[in-house]
Amino acid sequence: MKFLATLCCCVFVSLAGFSQSRSTHPIQVLVSPDKLDWTYEPNEEASFSIQVLKHQVPLNDVEITYAVGPEKMTPVNEGKLQLKNGTAVVKGKLSAPGFLRCEANVTIDGNSYRGIATAGYAPLNIQPTQKLPDDFQEFWNEAKAKAAKIPMDAKLTLLPERCTETVDVFQVNIQNAMVGNRLYGILAKPKKEGKYPAVLSVPGAGVRPYAGIIDLAEKGIITLQIGIHGIPVTYEAGLYADLGSGALRGYPFFNLDNRDSYYYNKVYLGCVRAIDFLYSLSAFDANNLLVWGGSQGGALAIITASLDDRVKGLVSIYPALSDLTGYLHNRAGGWPHMFNAANASQMATEDKINVSAYYDVVNFARNLKIPGFYTWGYNDDTCPPTSYYAAYNVIDAPKELYLVQETGHWTYPEQQHQIREWILKQLGK
């Protein structure tokens, strides 16, 4: 249970993105494609059946509104339908690789309910729109070399209330990227003398405290769960909520017009510094190191593994920050959607578009050399599958995809189990 709770903290969950299989209401809107695997060839027609359930019983003679079109884009077909014998059917298709989403909404007793299903059209053929800068590798090599000269100045604070009989737990505070800039996280390591493999857990989007990954440490794995905002990760949750709504609101957009001072510069370098710290530990076996995360963390897992060849494997769950320029090419782009219709007027400048290329997961994915485990679904509203398939498809390294089509920006216990088993197997546990 600790592992499941930790996993939930590692991913950015969008409640608005929940599809029908996670309904917490007595009314459910079910949208179902006509193929079991939800996957179609270009120009093949997809047929979506729509039902409205109350207490899991289909309702008749209910009016629904529907919209069909490429995910995150303007619908190409929309309107209203009356359910006949409890069902309505709408159809659509794509002529090129991508994702076609059918959304249905109904209002009952003044409350609105939504359901979606997303058909994948040759998803393994989706190619990125993001360009690779000629000096991409040079830029990051120079940034890493400069950051490596900054003393780590590691400070550990024991957290007795979190320790167990077999595991010591600390808050870690290390210097990152520049003098005075700090990186905080929670270290959990076995008390017993010995050499152990390690897992670096990189965070989903947002601002929050962290509990540490205690259960994996109890299995003989050093774990380091980091935050990215340069603030301690052990305060009361209210402080982080205030920061997320205040000083750190919109942080993925900060300084996007400058590749050296964009907010994620110190974040990406901080992930490398976290690996430096793990290698400084006498209990680390100095060889077996995995990085793992979901959403923003799914992006950081790929990025960290690309930037640092000391990483031997990665787990990435629906990675954000992938193919950010998709919206500029009339298709869905990655979270945080800085170039979508709502943001383009301010964000889609030449400087910001150019800088985005140095931080896009697509361009890091091209350089991966290590095994990776990936898991996601087709119904993700937060990180569009078009965007993360654009990154996944350029990976030329061993990769295993556990696809659960109906999931959105969340995971089933079965996915969590597969992640855990993959990590333990990779680390020989």
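Predicted model only: the values in this text are computed from it and were never measured.
Residues I50 and L81 form no side-chain contact, since every pair of their non-hydrogen atoms from C-beta on lies 4.5 Å or further apart. No side-chain heavy atom of L256 sits under 4.5 Å from any side-chain heavy atom of F253. Side chains of S295 and W335 form no contact here, defined as non-hydrogen atoms less than 4.5 Å apart. Inter-residue side-chain proximity for L53 and P58 is flagged as met; some heavy-atom pair is nearer than 4.5 Å. Between F99 and N379, every side-chain heavy-atom pair lies at or beyond the 4.5 Å cut-off. By the 4.5 Å heavy-atom criterion applied to side chains, L83 and N60 are not counted as neighbours. In this structure, L289 and D308 have side chains that are not in contact, with every pair of non-hydrogen atoms separated by 4.5 Å or more. Between W422 and L290 there is a side-chain heavy-atom pair separated by less than 4.5 Å.
The cationic atom of K35 (NZ for Lys, CZ for Arg) lies less than 6.0 Å from the six-membered ring centre of Y40 and within 45° of the ring axis.
E71 places a side-chain N or O within donor-acceptor distance of the main-chain N or O of T386, the cut-off being under 3.5 Å. No donor-acceptor pair under 3.5 Å is formed between the side chain of S316 and the backbone N or O of A301. Formation of a donor-acceptor pair under 3.5 Å by the S280 side chain with backbone atoms of L278 is not found in this model. In this structure, K399 contributes its side chain and Y392 its backbone to a donor-acceptor pair below 3.5 Å. Looking at S306, its side chain never comes within 3.5 Å of a backbone N or O of I302 through a donor-acceptor pair. In this structure, N288 contributes its side chain and L427 its backbone to no donor-acceptor pair below 3.5 Å. Checking side-chain atoms of Q405 against main-chain N and O of D37 turns up a donor-acceptor pair under 3.5 Å.
Within the model, atoms CD1 of I174 and CZ of F277 stand 6.5 Å from one another, a figure rounded to the nearest 0.5 Å. The line from CG of L307 to CZ of F364 is 5.0 Å long, rounded to the nearest 0.5 Å.
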Would you give me the side-chain donor-acceptor pairs under 3.5 Å for residues 226-251, sequence neighbours excluded?
unit_1: H229; atom_1: ND1; unit_2: Y263; atom_2: OH; d: 2.6
unit_1: H229; atom_1: NE2; unit_2: G206; atom_2: O; d: 2.8
unit_1: Y240; atom_1: OH; unit_2: P232; atom_2: O; d: 2.7
unit_1: Y240; atom_1: OH; unit_2: T234; atom_2: N; d: 3.2
unit_1: Y240; atom_1: OH; unit_2: Y235; atom_2: N; d: 2.8
unit_1: S245; atom_1: OG; unit_2: A241; atom_2: O; d: 3.2
unit_1: Y251; atom_1: OH; unit_2: G206; atom_2: N; d: 3.0
unit_1: Y251; atom_1: OH; unit_2: Q296; atom_2: OE1; d: 2.7

Please table the atom pairs, donor to acceptor, closer than 3.5 Å between any side-chain atom in residues 325-333 and protein atoms at least two apart or in another chain.
unit_1: T325; atom_1: OG1; unit_2: T129; atom_2: OG1; d: 2.8
unit_1: T325; atom_1: OG1; unit_2: Q130; atom_2: N; d: 3.3
unit_1: Y327; atom_1: OH; unit_2: H337; atom_2: ND1; d: 2.8
unit_1: R331; atom_1: NH1; unit_2: Q127; atom_2: O; d: 3.1
unit_1: R331; atom_1: NH2; unit_2: Q127; atom_2: O; d: 2.6
unit_1: R331; atom_1: NH2; unit_2: D323; atom_2: OD2; d: 2.9

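In this structure, Y412 has its ring center closer than 6.0 angstrom to the ring center of W410.
A side-chain contact (heavy atoms from CB on, under 4.5 Å) with C102 is found for one member of T118, V90, N77 and no other, namely V90.
The stretch residues 80-89 participates, sequence neighbours left out, in no side-chain hydrogen bond (donor to acceptor under 3.5 Å, both in side chains) pair at all. Under the side-chain hydrogen bond (donor to acceptor under 3.5 Å, both in side chains) criterion, no residue pair touches residues 186-200, with sequence neighbours excluded. Annotation: side-chain hydrogen bond (donor to acceptor under 3.5 Å, both in side chains) contacts involving residues 362-376, sequence neighbours excluded, comprise Q137-N367, N363-R366, T375-Q415, W376-Y389.
For the residue pair Q171 / N173, no side-chain donor-acceptor distance below 3.5 Å is found, with atom types taken as modelled. Side chain to side chain, T39 and Y378 meet the donor-acceptor criterion of an N or O pair below 3.5 Å.
In this pair, Y359 and Y268 present their aromatic rings tilted. The plane angle is within the 30 to 60° band.
Partners of D276 under the salt bridge (Lys or Arg N to Asp or Glu O under 4.0 Å) rule, at least two apart in sequence or in another chain, are R273, R310.
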